[in-house]
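Below is one structure, written out as structure tokens; comments come after it.
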2 protein chains.
Amino acid sequence: MSVTIRDVARVSGFSIKTVSNVINGHPQLRPETRQRVEDAIEELGYRPNLSARNLRSGRSGVIGLIIPDLTTAYFAELADAVMRTAAARGLAVLIEPIGSGRENELAALRGQHRHMVDGVIYSSLTLGAGDADLLKSVDTPLVVLGDTSFDGQVDRITMANTAGARAATEHLLAAGRRRVLALAAHEGDIVASAELRLAGYREAIEAAGLAFDPQLVCYADSWHRRGGAASMTKLLEDGVAFDGVFAFNDTLALGAMRVLQESGRRIPQDVAIVGFDDLDETRYSLPALSTVNPRRDDIATAAVETLLRRIEGGPELEAIEIETGFSLEIRESSGGSDQKATSATNAA
Amino acid sequence: MSVTIRDVARVSGFSIKTVSNVINGHPQLRPETRQRVEDAIEELGYRPNLSARNLRSGRSGVIGLIIPDLTTAYFAELADAVMRTAAARGLAVLIEPIGSGRENELAALRGQHRHMVDGVIYSSLTLGAGDADLLKSVDTPLVVLGDTSFDGQVDRITMANTAGARAATEHLLAAGRRRVLALAAHEGDIVASAELRLAGYREAIEAAGLAFDPQLVCYADSWHRRGGAASMTKLLEDGVAFDGVFAFNDTLALGAMRVLQESGRRIPQDVAIVGFDDLDETRYSLPALSTVNPRRDDIATAAVETLLRRIEGGPELEAIEIETGFSLEIRESSGGSDQKATSATNAA
DNA sequence: CTGAAAGCGCTTACAG
DNA sequence: CTGAAAGCGCTTACAG
């Protein structure tokens with residue numbers, strides 16, 4: 001039916017081995033030989049059968065990306081960055097959207113696609129230190145994205161949660177805000193990022209010589225617009241006074257912003273607001289939202305390269321952790337014009 | 001190294017064939033036999049090697065989804081719907097984001113993942129009637145999404161572009177608007193959807209006894225917020241008078257809405273606006289955007305099932321076309337409350 | 001119901 | 001540089 005390497009061998013007049021050498025870019029080949037094989041490949045329209053290659057080599061050239069869903073802008077943008085990075089290295093990405101919640105995250109580790117992929121990039125919100133053994137029991141090479149505390153047992157990529165949150169809060173304080181809300185989500189399970197961002201917020205408050213006021217820390221029940229809107233509605237009802245908001249992610253910020261505007265408050269004049277994530281849409285909101293840019297491209301690159309290292313190095317290799325940098329994007333919502341204040345860190 | 005079907009056979013005491021029968025749910029098996037094989041599978045932690053299965057069966061259980069990118073909300077939501085539908089049928093989805101433009105779309109047809117997937121769902125913006133031969137030359141089973149005119153040569157799923165656009169425009173006219181803009185994108189290449197939506201707009205205008213006014217048809221140079229904002233800015237500069245806008249998609253609408261609001265116009269009091277796509281975020285914009293809901297779940301289901309039919313039926317099968325229905329979601333931007341006016345069509 | 005055997009298309013020692 | 005041959009793990013006629 002379809003053209004195989006055997007057909008190419010027959011047409012070109014060389015052995016299967018030689019054809020294979022040409023396909024795989026083996027260096028020591030007479031140019032003439034290479035040319036004739038390539039002509040035959042072209043003529044026949046030969047394409048290697050990947051299943052056969054994978055069966056033989058034990059590699060599929062596909063990596064998995066496990067995320068809660070694809071419709072959340074944050075994960076869509078992350079997935080896009082991972083796919084671009086992977087494509088540049090000749091890898092395809094199989095996305096597995098698993099829904100949110102701890103149960104789904106655990107189930108995904110035993111997921112059906114496990115045997116199709118050479119390794120997995122796993123974006124976890126709910127796994128904690130206690131799950132390290134579980135993760136180590138997975139025989140697929142694995143890189144974890146996100147701030148779960150695994151202390152050196154699993155490869156992971158983390159972002160500058162604390163430093164980014166501190167920079168965002170400092171920016172609000174530098175603009176003269178004195179009562180800055182921390183709009184913080186927690187989703188039932190422990191979300192380590194939230195704690196780290198809260199720590200950064202607190203550092204900035206205290207470094208400015210202000211008192212950390214628990215009344216200004218407001219929990220939302222989801223990381224989405226709905227959660228931000230609901231929390232802000234409640235704050236306004238409760239009559240809490242504030243002149244700045246650091247939201248732990250952009251969608252919380254956008255939800256809160258809408259409620260603030262409906263209540264007649266002007267942004268940034270009455271309330272300045274900064275988010276976290278640098279979603280594409282923050283550039284187009286009204287007003288454009290200031291935010292912490294976690295550099296998704298850097299995260300994606302670090303994840304893919306760490307995974308490749310693990311795939312090649314095997315389980316013996318020591319686990320590494322890479323923390324990516326950030327920058328603060330100052331836009332209208334915090335009174336900035338469109339200039340960009342950058343402050344990046346990089347740690348290994 | 002890893003556990004194979006041979007190990008399961010050895011441990012269970014049955015032949016490889018019997019183990020295979022159990023794995024593939026072959027019906028005529030003594031329950032006791034099945035049980036003992038399943039125990040062995042469990043005990044050994046056996047998982048079938050998909051590469052081997054695929055090599056043998058010629059199927060991979062993976063379908064491709066070719067889209068321009070994943071960060072555009074429309075495609076992210078489409079991809080999510082396709083993945084959910086596919087997962088329900090035991091299929092994995094390999095997304096290939098190819099960038100926009102005709103060149104990229106053509107290149108994707110020869111893409112590197114072609115031999116990894118059983119078939120491809122291909123969301124095209126730029127392919128036209130002249131490309132039918134090209135599409136037919138692709139030996140992978142293929143379902144095209146979008147309104148490219150292929151008249152029965154390729155399986156395709158189309159949406160109710162004209163009917164949806166007409167319903168949106170009629171809704172604006174019914175609310176008393178008399179000068180309704182058509183905010184229409186065209187991206188260099190021919191985008192058939194835009195023509196069809198324009199036709200629906202025109203039908204509604206003329207059915208209402210109004211004259212079709214070319215001055216009210218405004219082209220944007222992209223389907224994104226930026227395009228909607230730029231077009232609206234130009235319209236306002238030119239002093240074109242209007243009291244309603246039917247935008248050909250939601251992001252155009254959101255971009256236009258921002259510019260209208262900055263100019264001091266109230267929505268919907270001064271200008272009522274309706275979009276197309278029912279993106280998740282339209283529920284959260286300020287004001288919430290009325291829009292045509294193209295029922296992405298229906299599109300995804302039709303696409304996956306048509307592809308499966310093609311994969312099983314082979315190239316001989318006659319090509320089919322399915323047009324999915326729509327509903328009109330009336331929200332604040334067109335003066336509605338939150339009720340829902342539904343009008344659906346379905347054709348084969 | 002079950003077993004022994006061929007073969008899917010490739011890569012890779014092993015010989016030359 | 002090149003060829004003949006084994007084998008990756010599975011499914012499936014073909015026999016029993």
Side-chain angles (χ1 to χ4, degrees), chain A residues 1-38 40-41 44-62 90 112-118 139-140 312, chain B residues 1-38 40-41 44-62 90 112-118 139-140 312:
Chain A
M1 243 220 47
S2 78
V3 184
T4 75
I5 196 170
R6 160 171 265 115
D7 299 316
V8 177
R10 190 169 30 74
V11 169
S12 67
F14 292 98
S15 74
I16 286 177
K17 168 70 158 116
T18 303
V19 175
S20 177
N21 284 343
V22 170
I23 294 166
N24 295 296
H26 205 74
Q28 299 100 316
L29 281 172
R30 233 175 292 172
E32 188 196 316
T33 304
R34 181 185 302 282
Q35 189 56 55
R36 278 168 55 197
V37 170
E38 280 170 354
I41 287 174
L44 295 169
Y46 169 74
R47 303 287 313 259
N49 177 312
L50 296 183
S51 291
R53 175 178 283 176
N54 298 342
L55 173 58
R56 183 56 231 220
S57 66
R59 287 272 199 102
S60 69
V62 181
Q112 44 178 334
H113 305 326
R114 205 70 336 110
H115 278 245
M116 253 169 172
V117 297
D118 298 336
D139 55 354
T140 313
E312 273 148 27
Chain B
M1 243 213 54
S2 77
V3 183
T4 75
I5 196 171
R6 160 170 266 115
D7 298 316
V8 177
R10 190 169 32 72
V11 168
S12 66
F14 291 98
S15 75
I16 286 177
K17 167 69 158 121
T18 302
V19 175
S20 178
N21 284 344
V22 170
I23 293 166
N24 294 296
H26 205 73
Q28 299 101 316
L29 282 172
R30 231 176 293 172
E32 187 196 317
T33 304
R34 181 186 302 281
Q35 189 56 54
R36 277 167 57 196
V37 170
E38 281 171 352
I41 288 174
L44 296 168
Y46 169 74
R47 302 287 313 259
N49 177 312
L50 295 183
S51 292
R53 174 178 285 176
N54 298 342
L55 172 57
R56 182 56 231 221
S57 67
R59 288 272 198 97
S60 70
V62 181
Q112 44 178 335
H113 305 325
R114 206 69 337 108
H115 278 245
M116 251 166 175
V117 297
D118 298 336
D139 55 354
T140 313
E312 273 149 27

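Atoms considered below: every heavy atom in the structure, side chains included; atoms not considered: hydrogens, waters and symmetry mates. Chain letters run A, B, ... following the sequence lines, proteins first, then strands; residues in each count from 1.
- The CG atom of A:Leu55 sits 14 Å away from the P atom of D:dG7 (whole-angstrom rounding).
- Atom name C1', nucleotides D:dG16 and D:dT12: the rounded distance is 16 Å, in whole Å.
- When rounded to the nearest whole Å, the span between CG of B:Asn49 and C1' of D:dT11 equals 13 Å.
- Heavy atoms of A:Asn24 sit under 4.0 angstrom from primed sugar atoms or phosphate atoms, though from no base atom.
- For B:Thr4, the side chain to side chain contact (heavy atoms under 4.5 Å, CB included) partners two or more places apart in sequence, or in a different chain, are B:Arg6, B:Asp7.
- Of all non-hydrogen atoms in B:Pro48 and B:Ile23, the two that sit nearest each other are CG-CG2, 4.2 Å.
- Both key distances under 3.5 Å define a Watson-Crick or G-U pair, and stretches of 3 or more such consecutive pairs in DNA chain C run C:1-3 with D:14-16, C:5-12 with D:5-12, C:14-16 with D:1-3.
- Taking for each of B:Asn21 and B:Ala52 the nucleotide of DNA chain C with the nearest heavy atom, the 5'-most of the two is the partner of B:Asn21.
- For DNA chain C, the neighbouring residues in residues 5-19 of chain A, judged by any heavy atom under 4.0 Å, are A:Ile5, A:Ile16, A:Lys17.
- Looking at every heavy atom in both residues, A:Tyr46 comes nearest to A:Val3 through CD1-O, 3.4 Å.
- Proximity of B:Ser57 to the phosphate of D:dT11: no side-chain N or O atom is located under 4.0 Å from OP1 or OP2.
- Contacts of A:Thr33 with the nucleic acid, taken as non-hydrogen atoms under 4.0 Å apart, involve only primed sugar atoms and P, OP1 or OP2.
- Across the protein-nucleic acid pair, A:Asn54 atom CG and C:dC8 atom C1' stand 14 Å apart, rounded to whole Å.
- For residues 26-37 of chain A, every residue pair satisfying the salt bridge (Lys or Arg N to Asp or Glu O under 4.0 Å) rule, not counting sequence neighbours, is listed here: A:Glu32-A:Arg36.
- Applying the salt bridge (Lys or Arg N to Asp or Glu O under 4.0 Å) test to residues at least two apart or on different chains, the pairs with a partner in residues 48-62 of chain B are B:Arg59-B:Glu312.
- In this structure, A:Arg56 atom CZ and C:dT11 atom P are separated by 9 Å, rounded to whole Å.
- Residues that satisfy the side chain to side chain donor-acceptor pair (under 3.5 Å) test with A:Gln35, not counting sequence neighbours, are A:Asp39.
- Rounded to whole Å, the distance from CZ on A:Arg53 to C1' on C:dC8 is 16 Å.
- Within the 3.5 Å criterion, the main-chain N or O of A:Val8 finds a donor-acceptor partner in the side chain of A:Ser12.
- Residues A:Leu55 and B:Ser51 share a closest heavy-atom pair of N-CB, 3.7 Å.
- At whole-Å resolution of the value, CZ in A:Arg47 and P in C:dC8 are 21 Å apart.
- With values rounded to the nearest 0.5 angstrom, B:Leu44 atom CG is found 12.0 Å from B:Ile5 atom CD1.
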